[in-house]
Q: 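Sharing a structure here in structure tokens format.
No hydrogens, no waters, no symmetry mates; every other heavy atom, side chains included, goes into these values. Order of the sequence lines fixes the chain letters, A, B, ..., with proteins taken first and strands second; residue numbering starts at 1 for each chain.
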There are 2 protein chains.
Amino acid sequence: MAAKRVGTQDKRPHRKAAPVPSAQEPRLSLERIVATAVELLDAEGVEGLKMRRLADRLGSGAMSLYWHVANKEEVFDLALDSVLEYRGSSQMIESPDWRQAVFHILEDWRASMLRHPWSASLLPRRALGSNILGRLELLGRVLSTAGVEEADLNGAIWSLWNYVMGATITRANFVLSDEDMLAGQQRLAHLSAEYPTIGRARLLLDNDWDGVFRKGLEFLLDGIVPSR
Amino acid sequence: MAAKRVGTQDKRPHRKAAPVPSAQEPRLSLERIVATAVELLDAEGVEGLKMRRLADRLGSGAMSLYWHVANKEEVFDLALDSVLEYRGSSQMIESPDWRQAVFHILEDWRASMLRHPWSASLLPRRALGSNILGRLELLGRVLSTAGVEEADLNGAIWSLWNYVMGATITRANFVLSDEDMLAGQQRLAHLSAEYPTIGRARLLLDNDWDGVFRKGLEFLLDGIVPSR
DNA sequence: ACCTGAACACCGTTCAAGT
DNA sequence: ACCTGAACACCGTTCAAGT
């Protein structure tokens with residue numbers, strides 16, 4: 001199990017700071033590799049990302065990748081961080097309504113991960129890249145201005161992190177095709193005998209993911225931020 | 001990405017209901033395989049589980065496993081479900097104090113997963129086995145008696161699921177050796193320039209995981225269960 | 001600096017065969 | 001019913017070499 005690190009090191013031989021204009025563009029570049037990796041991950045999922053297939057899509061030999069990245073792990077780290085880049089305007093975040101700002105931050109984060117369903121499950125296992133650290137920094141700032149004491153800030157951020165990650169990982173893994181849906185329904189009907197409460201709640205069937213997410217978030221915020 | 005199913009099917013050729021006493025014990029058994037898989041997973045993590053290594057530990061050829069299980073996926077499913085078996089007494093759960101009962105259910109669930117750090121990350125991706133369904137059924141029952149309306153039960157269960165899963169997955173992946181700890185500390189010190197709020201909150205450093213977990217859970221329950 | 005093919009050391013699993 | 005070894009079709013990555 002890879003130990004958790006914070007941030008990503010650049011262990012490549014040497015990288016020029018700015019590309020010399022006279023030099024011809026290399027066929028491969030970190031940016032192209034990462035963008036293509038994201039495409040491939042979106043299309044085929046985590047286990048669909050293979051170095052040879054990635055190289056194929058890029059029109060290069062499999063081994064060419066290894067000049068740009070150290071290994072497959074680094075491809076995952078880079079793809080993950082790229083997907084977590086904040087692309088919205090900063091308007092919402094500077095809203096005087098802190099509650100609205102927190103909702104925007106967390107829902108945008110969640111939406112970014114759901115756009116790339118492989119990303120959420122990956123995030124807790126990998127080093128925290130700069131884009132996610134930026135989002136957490138922003139969250140901390142808003143919570144601070146909302147009145148969360150410095151001593152409680154760590155706990156507040158982690159509570160929200162835990163909730164967002166749990167909700168998103170669960171949602172992202174719950175991609176049911178219609179046939180799966182049907183099969184699950186039949187199975188649950190059968191299971192209702194053994195699990196009556198779950199059956200009555202129609203668990204796994206009528207899941208209003210977004211509604212549940214917002215509601216739980218309200219509850220957490222009510223508790224985290226002292227006076228309302 | 002494997003689609004989510006509910007429950008696990010038994011596709012093995014034929015299984016006798018009760019072992020004929022006169023027949024000699026087979027060298028392998030599902031139980032031994034699963035128990036050994038859990039051992040191996042505990043020792044080496046998800047990527048450490050290999051069919052050949054598992055067979056080695058069992059003192060058999062690699063291919064012998066395939067008479068008992070369909071494939072590696074099934075080994076994961078079975079190991080996961082076995083780890084989620086409830087081993088406590090049912091006393092706590094029948095406590096008249098529903099809040100205490102919910103806490104016991106969720107903390108025992110969380111503890112079971114933390115005892116096998118590979119399990120939490122696996123759970124949302126796999127079919128729900130009978131042991132986890134049993135825990136959810138129990139949770140639903142307690143929430144019901146606590147006064148949660150039937151229409152809100154689905155949302156209540158999922159809110160808690162999301163929170164527990166997020167907290168546990170994050171915690172389980174955060175196993176820092178001392179050197180990692182030190183490296184992270186230095187890195188964060190360096191990062192404090194870019195992320196001052198995070199730095200001040202000592203995020204990633206002073207994490208009182210259990211305390212944060214309980215606190216957030218209190219907040220959620222305050223919101224989920226109407227009158228206190 | 002950047003890219004390549006051959007080759008190695010694995011993996012999960014199929015198959016045909018043993019007892 | 002239960003177990004096995006040989007073999008196949010992959011994988012990630014090392015290496016020595018090309019331009």
Q: Could you give the distance from CD (A/E73) to CZ (A/R125), rounded to the nearest 0.5 Å?
A: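 A/E73 CD to A/R125 CZ: 10.0 Å, rounded to 0.5 Å.
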
Q: Across all strands shown, which nucleotide pairs with D/dT13 by Watson-Crick or G-U wobble geometry, both distances under 3.5 Å?
A: C/dA7

Q: For the pair made of CH2 in A/W67 and C1' in D/dA17, what is the distance, rounded to whole Å?
A: 17 Å

Q: Answer yes or no for A/R126 and A/F76: cation-pi contact, defined as NZ/CZ to six-membered ring centre under 6.0 Å and angle to ring axis within 45°.
A: no

Q: Describe, in one word, how the ring planes of B/W109 and B/W161 are oriented to each other, choosing from parallel (under 30°), tilted (30 to 60°) and perpendicular (over 60°).
A: tilted

Q: Looking only at side-chain atoms of A/S64, point me to the closest of D/dC3, D/dC15, C/dC3.
A: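 The answer is C/dC3.
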
Q: Which nucleotide in the list D/dT13, C/dT13, D/dT4 gets nearest to the side chain of B/S60?
A: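 Looking only at heavy atoms from C-beta outward on B/S60, the closest nucleotide is D/dT4.
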
Q: Does the cation-pi check pass for B/R110 over B/F213, that is, NZ or CZ under 6.0 Å from the six-membered ring centre and within 45° of its axis?
A: yes

Q: How many Å lie between CZ on B/F76 and C1' on C/dT13, as a whole number?
A: 15 Å

Q: Starting at CG of B/D56 and ending at P of C/dG12, how long is that distance when rounded to a whole Å?
A: 12 Å

Q: Send over the distance from B/E47 CD to D/dG12 P, rounded to a whole Å.
A: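 Value for this atom pair: 14 Å.
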
Q: Going by atom types alone, do A/N162 and A/W158 pair a side-chain donor with an acceptor below 3.5 Å?
A: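 Checked: A/N162/A/W158 side chains show no N/O donor-acceptor pair below 3.5 Å.
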
Q: Using heavy-atom distances to pick each residue's nearest nucleotide on DNA chain C, tell me which of B/Y66 and A/A62 is more 5'.
A: A/A62

Q: May I have the distance from A/M63 (atom CE) to D/dA17 (atom P), rounded to whole angstrom?
A: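 A/M63 atom CE is separated from D/dA17 atom P by 18 Å.
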
Q: To the nearest angstrom, how far is A/L65 atom CG from D/dT13 atom P?
A: 11 Å

Q: Is C/dT19 paired to anything, Watson-Crick or G-U wobble with both distances less than 3.5 Å, and if yes, which nucleotide?
A: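 Per the H-bond distance test, D/dA1.
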
Q: My understanding is that only residues two or more places apart in sequence, or in another chain, count here; which of them pass salt bridge (charged side-chain N to carboxylate O under 4.0 Å, His left out) with A/E107?
A: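 Salt bridge (charged side-chain N to carboxylate O under 4.0 Å, His left out) check on A/E107 returns A/R214.
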
Q: Between B/R27 (CZ) and D/dA1 (P), how many Å, whole number?
A: 19 Å

Q: Side chain of A/Y195, backbone of B/S130: donor and acceptor closer than 3.5 Å?
A: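 The answer is yes, because a donor-acceptor pair under 3.5 Å joins these two groups.
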
Q: For D/dA1, does either OP1 or OP2 sit under 4.0 Å from a side-chain N or O belonging to B/H68?
A: no

Q: Quick one: which protein N/O atoms are closer than 3.5 Å to N/O atoms of nucleotides 9-11 of chain C? Pair and distance per line, please.
A:
from: C/dC11; atom 1: OP1; to: B/K50; atom 2: NZ; distance (Å): 2.8

